[in-house]
Amino acid sequence: MPEVARTYEVRTFGCQMNVHDSERMSGLLEQAGYVRAGKDAETADVVVFNTCAVRENADNRLYGNLGQLAPKKAARPGMQIAVGGCLAQKDRDTITRRAPWVDVVFGTHNVGKLPVLLERARVEREAQVEIAESLEAFPSTLPTRRESPYAAWVSVSVGCNNTCTFCIVPALRGKEKDRRPGDVLAEVEALVGEGVLEITLLGQNVNAYGSDMGDREAFSKLLRACGRIEGLERVRFTSPHPRDFTDDVIEAMAQTPNVMPQLHMPLQSGSSRLLKAMRRSYRQERYLGIIEKVRAAMPDAAISTDIIVGFPGETDEDFEETLHVVRQARFAQAFTFQYSKRPGTPAAEMDGQVPKAVVQERYERLVALQEEISWEENKRQVGRTVEVLVAEGEGRKDDATRRLSGRAPDNRLVHFARPGQPVRPGDMVTVEISYAAPHHLLAEAPPSAVRRTRAGDAWELRNAAPPAAAKPQGVMLGLPTIGAPAPTQTAEPGGGCSVC
């Protein structure tokens, strides 16, 4: 009898960078002969945790998950557990000390070693801990098992040169390293050749792209170059830093038709005093000035942000400044976080740690204000006709409501009535918005047009293939979709990290 391939599962926590890294882990494992475990499988032969170190409870979440797997591993000879990502880079030997049943620990700089370390652990029958201190190879050179055939992440850089006092990511991801523009564009062209219609340029501070090459306009040039790629219909990027958001980037966004009218730009605080304490290198006036310029160039742009509530030393006056910016900026969406003390960051040692009860009260006020604004901004979309890229798994109630879901050009989530003709994820539909809720739009009438696309063809081809459990799959292309069965994702908003 032929040998049965070992199965794997990747469980992802954290930001889009981690989700994209998990695609690479999957690609590496499949290249090595592993097969993705079916969604109904109780436990895979190899379970990989791709961890995040940004939030305060990251450690508890990891060890809680590892504890749940311990009895399953004990009852299943040959099963292996690997831990990678930012928490692995930070904690190193601590993981195998607290969870001695873990077989492999690897860091953010040596993702490519995962299959080798698993095999070494199996042969030597002892845990393998290997944490590289610097990047061994640019991650995009690794095989990748993409999660969707119609939209894809494309990394333009890794690492971060900032020193934000609340963030541990630069210490774990290293200094910024940029890819050559030709390499980025070659990857985009290859993805489009496979059927991808939408790409999201990804970096810890994506618009700082070029600092490693000495070209301050490299990012705007890259956006314009993406606009010249035939067949590429949508270009997005995340997350930019206000410090590096220059006028040439705004001009490139406005003048490049396939760059979408959508921007996610972290604020963190509206208080200039706190921004200085955070080492954010911009102030309230600068941030609002960028918003004003973006809206002047793209009046219909949807702008989202990240905000931290309760940073050490935050006063009632500081918090009111944040509410002021939220009212002025009128974000389509805001990802709000209660300040999380992380050992190893300067903010963790600062005086003036805000009591939990105070943080909670401010957080609830901020969320209530943003919900009100999001709903008002969404109501302005009623009556508009938009082209929606049909998605897979974005509408959790789609089966019950007999609707489909997808994203408008400005990245708003749209639920729409099923058309009379077949439509596939990756196809485009034209709909009229009839109802607005704070977090989604609804088109109750059937689409006025359905455009079948190469991306829809690619989705259909993938889903017509034999299931993963029957044979190993090759490297595929696309973007992870919310609700996809694997790898398991708990992704944060933003780009390189949830609070950049």
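Along the sequence shown, residues carry numbers from 1. Everything numeric in this text was worked out from a predicted model, so none of it was measured.
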Give a yes or no answer on whether the side chain of [X] reaches the backbone of [Y] with a donor-acceptor pair at less than 3.5 Å.
X: Arg454; Y: Val192; value: yes
X: Asp244; Y: Asn207; value: no
X: Ser157; Y: Asp178; value: no
X: Ser374; Y: Ala332; value: yes
X: Asp410; Y: Ala302; value: no
X: Asn110; Y: Gly107; value: yes
X: Thr256; Y: Gly227; value: no
X: Thr51; Y: Gly84; value: yes
X: Arg179; Y: Ser155; value: yes
X: Glu394; Y: Leu404; value: no

Show every salt bridge (Lys or Arg N to Asp or Glu O under 4.0 Å) that has at least one partner inside residues 322-336, sequence neighbours left out. Arg330-Glu376, Arg330-Glu377
Pairs touching residues 425-448 that satisfy salt bridge (Lys or Arg N to Asp or Glu O under 4.0 Å), sequence neighbours left out: Arg424-Asp427
Partners passing side chain to side chain donor-acceptor pair (under 3.5 Å) against Gln255 (at least two apart in sequence or in another chain):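 Gln255 satisfies side chain to side chain donor-acceptor pair (under 3.5 Å) with Arg224 once adjacent residues are dropped.
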Using side chain to side chain donor-acceptor pair (under 3.5 Å) as the criterion, list what pairs up with His439, not counting sequence neighbours. Glu371
Can you measure from [atom1] ([X]) to [atom2] ([Y]) and round to the nearest 0.5 angstrom?
X: Leu263; Y: Ile303; atom1: CG; atom2: CD1; answer: 5.5 Å
X: Met278; Y: Cys164; atom1: CE; atom2: SG; answer: 9.0 Å
X: Asn411; Y: Gln333; atom1: CG; atom2: CD; answer: 8.5 Å
X: Arg234; Y: Ile199; atom1: CZ; atom2: CD1; answer: 13.0 Å
X: Ser239; Y: Asn205; atom1: OG; atom2: CG; answer: 8.0 Å
X: Leu197; Y: Met428; atom1: CG; atom2: CE; answer: 5.5 Å

Answer whether the closest heavy-atom distance between the side chains of Tyr8 and Arg36 falls below 4.5 Å.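 The answer is yes; the side chains approach within 4.5 Å.
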Set of residues satisfying side chain to side chain contact (heavy atoms under 4.5 Å, CB included) with respect to [X], sequence neighbours excluded:
X: Glu217; result: Asp215, Ser220, Lys221, Asp248
X: Asn378; result: Arg412, Ala436, Leu441
X: Pro242; result: Met265, Arg280, Tyr282, Tyr287, Ile290
X: Ala225; result: Leu185, Arg228

Is any NZ, NE, NH1 or NH2 atom of the basic residue among [X] and [Y] found under 4.0 Å from an Asp or Glu carboxylate oxygen of the other?
X: Glu198; Y: Arg407; answer: no
X: Glu392; Y: Arg462; answer: no
X: Arg24; Y: Asp21; answer: yes

Please report the closest heavy-atom contact between [X] and [Y], naming both atoms and the distance.
X: Val10; Y: Ser26; value: CG2-OG, 3.7 Å
X: Val154; Y: Glu187; value: CG1-OE1, 3.7 Å
X: Gly270; Y: Val325; value: CA-CG2, 3.7 Å
X: Gly112; Y: Leu28; value: CA-CD1, 3.7 Å

I'd like to check the salt bridge (charged side-chain N to carboxylate O under 4.0 Å, His left out) partners of [X]; sequence neighbours left out, ordered by chain and number.
X: Lys379; result: none
X: Asp398; result: none
X: Arg384; result: Asp300

Where at least one partner belongs to residues 220-240, residue pairs that pass ring pair (Phe, Tyr, Trp, His ring centres under 6.0 Å), sequence neighbours excluded: Phe219-Phe237
